[in-house]
2 protein chains.
Amino acid sequence: MVARTDRETKILDVAADMLVRHGYRRVTIDDVAVAAGIGKGTVYLHWKTREQLFGAVFAREVHGAIGDLVTALRADPAVALLHRFAAEFFLAILRRPLLHGMVIGDVQMWGKLIGSEAGYDGGRHNAMMASYLGILAARGLVRTDLAVPELTYAFQAVYEGFIYAERTAAPTGTYEDRARLLSTTVESAFSRPGTADAALAEEVAALLSGLAA
Amino acid sequence: MVARTDRETKILDVAADMLVRHGYRRVTIDDVAVAAGIGKGTVYLHWKTREQLFGAVFAREVHGAIGDLVTALRADPAVALLHRFAAEFFLAILRRPLLHGMVIGDVQMWGKLIGSEAGYDGGRHNAMMASYLGILAARGLVRTDLAVPELTYAFQAVYEGFIYAERTAAPTGTYEDRARLLSTTVESAFSRPGTADAALAEEVAALLSGLAA
DNA sequence: TGTATGACCAAATTTGAAATCTGGTCAAAT
DNA sequence: ATTTGACCAGATTTCAAATTTGGTCATACA
């Protein structure tokens with residue numbers, strides 16, 4: 001018998017794959033169990049409800065994307081700069097089929113997963129961004145003529161504008177191109193000249209890791 | 001008997017009011033006719049279909065907003081500068097209850113009106129923005145290290161990010177505050193120092209008026 | 001003895017046909 | 001010549017029956 005954790009991983013893998021292919025509404029617990037080669041009851045040994053299972057899938061994706069960001073941050077501290085951060089985050093989401101699908105596809109299709117507490121807390125995300133921008137402001141790496149709450153609001157609006165544009169705008173070029181455009185836009189809108197050292201990168205990485213608690 | 005144009009205006013007024021209050025789906029042609037104090041058939045003397053009537057309401061609102069913009073442009077040529085333009089356009093939309101409702105409210109509720117050909121053509125809007133940015137680029141009033149199509153894409157993403165944020169973000173301060181924040185963001189992201197004269201304002205006003213053809 | 005299962009149940013969802021409503025027409029009234 | 005509202009077909013809504021599915025647990029199994 002496989003270890004409990006291996007089975008959990010297998011179920012999440014299968015569920016993620018089916019979610020990408022068929023969407024939230026169409027995937028049943030039994031579908032997942034059959035595809036994972038186990039009984040339906042066994043799924044419930046791992047998660048109490050359907051929503052919690054799919055929430056776990058979503059959370060794993062988000063944590064994976066955050067993990068990619070942290071890796072990028074440690075490989076190159078300059079990613080701690082706001083414009084680099086924006087581009088890396090943008091790509092970290094679009095590179096993952098499930099998250100990409102949630103961004104591009106019909107919001108309706110993902111039902112309770114979006115905006116539900118299960119898996120990921122948007123409020124915490126907001127607080128994290130505010131902390132991050134506070135740190136950058138303290139080091140003079142972003143403009144300081146705007147208060148941190150305004151800066152946070154504006155940055156989020158710009159970032160989400162580019163994410164939203166993926167859904168609506170006619171797709172020109174690759175999304176790496178769009179990530180560069182986002183980076184350029186954020187840089188001139190909010191960044192101030194300066195460099196990021198490993199200590200800053202680590203601080204930001206710690207903030208991000210806190211999101212995955 | 002009132003002039004034909006007056007009756008048309010009356011119907012559009014009544015329809016706009018009912019659209020704001022009840023939403024696209026809930027308003028019937030008969031509702032509008034009764035509220036306007038005329039027979040249902042009379043409505044059809046002015047528009048061939050329901051969609052065309054509501055499209056006309058929508059078009060009138062958009063043209064009104066554009067008219068406000070043109071007025072602002074003629075009163076102060078500096079509104080031709082991209083960041084001023086963004087803020088004025090933002091406010092021109094949010095100040096009109098119907099458009100504000102379409103931005104804030106459930107997209108679903110406005111059905112075919114959004115994205116339909118009736119009343120307003122998004123493709124033309126796009127082309128207008130590209131022309132406008134081309135004119136600003138030629139005068140050095142926006143950054144020229146980005147090609148006009150990229151500049152247009154990025155500007156639209158930022159603008160729509162702020163519009164979209166009206167729907168999702170927790171409302172802090174007034175929307176005049178958010179318009180200022182948008183203006184500041186667009187200014188540092190895309191604008192270059194320079195002044196706008198009356199000739200430029202008139203050129204931009206002409207472009208805008210072309211949208212209402 | 002602890003783990004896994006799928007038959008089972010209640011609740012949610014879907015289906016489909018009947019009832020109702022509404023966009024659009026046009027013969028009649030003005 | 002202009003306006004109207006009764007009228008009709010097609011769209012939408014209703015509502016109950018049929019089906020599906022989330023979640024449980026007695027049983028099988030290792």
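Just so it is clear: chains get the letters A, B, ... in the order the sequence lines come, proteins before strands, and each one is counted from 1. Heavy atoms only: backbone and side chains are in, while hydrogens, waters and symmetry mates are out.
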With the side chain defined as heavy atoms from C-beta on, A/Arg50 is closest, among C/dG24, D/dG22, D/dT3, to D/dG22
Least distance between heavy atoms, B/Ala179 atom then B/Ala87 atom:
O-CB, 3.7 Å
When rounded to whole Å, the NZ to P distance for the pair A/Lys40 and D/dT24 reads 10 Å
When you compare the side chain of A/Tyr175 with that of A/Arg178, does any pair of heavy atoms fall below 4.5 Å?
yes
So is B/Arg180 actually on top of B/Phe90's ring, under 6.0 Å and inside 45° of the axis?
no
Rounded distance in Å - CG (A/Asp30) to P (D/dT21):
9 Å
Could you state the interatomic distance from CG (B/Leu53) to NZ (B/Lys48), rounded to the nearest 0.5 Å?
13.5 Å
Quick note, B/Arg25 side chain, CB onward, closest among C/dT14, C/dG23, D/dT13 is D/dT13
Ring-plane angle category for A/Phe155 and A/Phe190, please: parallel below 30°, perpendicular beyond 60°, tilted otherwise.
perpendicular
Closest heavy-atom pair, B/Val14 versus B/Val32, reported as atoms and distance to 0.1 Å, is CG1-O, 3.7 Å
Contact class for A/Arg26 (heavy atom, under 4.0 Å): base, sugar-phosphate, or nothing?
nothing
Want to settle it: does B/Thr28 or A/Gly37 sit nearer the 5' end of DNA chain C, counting the closest nucleotide to each?
A/Gly37
For salt bridge (charged side-chain N to carboxylate O under 4.0 Å, His left out), just list the numbers for A/Asp76 and A/Arg84, CA-CA rounded to whole Å, side-chain angles, deciding distance to a tenth of an Å, and then say yes or no.
CA-CA 10 Å; A/Asp76 178 3; A/Arg84 294 292 307 279; 3.4 Å; yes
What is the separation between atom OH on A/Tyr24 and atom P on D/dT21, rounded to the nearest whole Å?
14 Å
Rounded to whole Å, CZ of B/Phe54 lies from P of C/dT22 at a distance of 12 Å
For DNA chain C, what residues of residues 41-48 of chain A have any heavy atom nearer than 4.0 Å?
A/Gly41, A/Thr42, A/Leu45
Round to the nearest Å and state the distance from A/Ile29 atom CD1 to D/dG22 atom P.
6 Å
Taking only N/O atoms, report every protein-nucleotides 26-29 of chain D pair under 3.5 Å with atom names and distance.
none

Considering only residues two or more places apart or on different chains, which pairs with a residue in residues 22-42 of chain A satisfy salt bridge (Lys or Arg N to Asp or Glu O under 4.0 Å)?
none
Are any of B/Arg7's side-chain N or O atoms less than 4.0 Å away from OP1 or OP2 of D/dT3?
yes
Does the side chain of B/Arg96 come within less than 4.5 Å of B/Asp68's, by heavy atoms?
yes
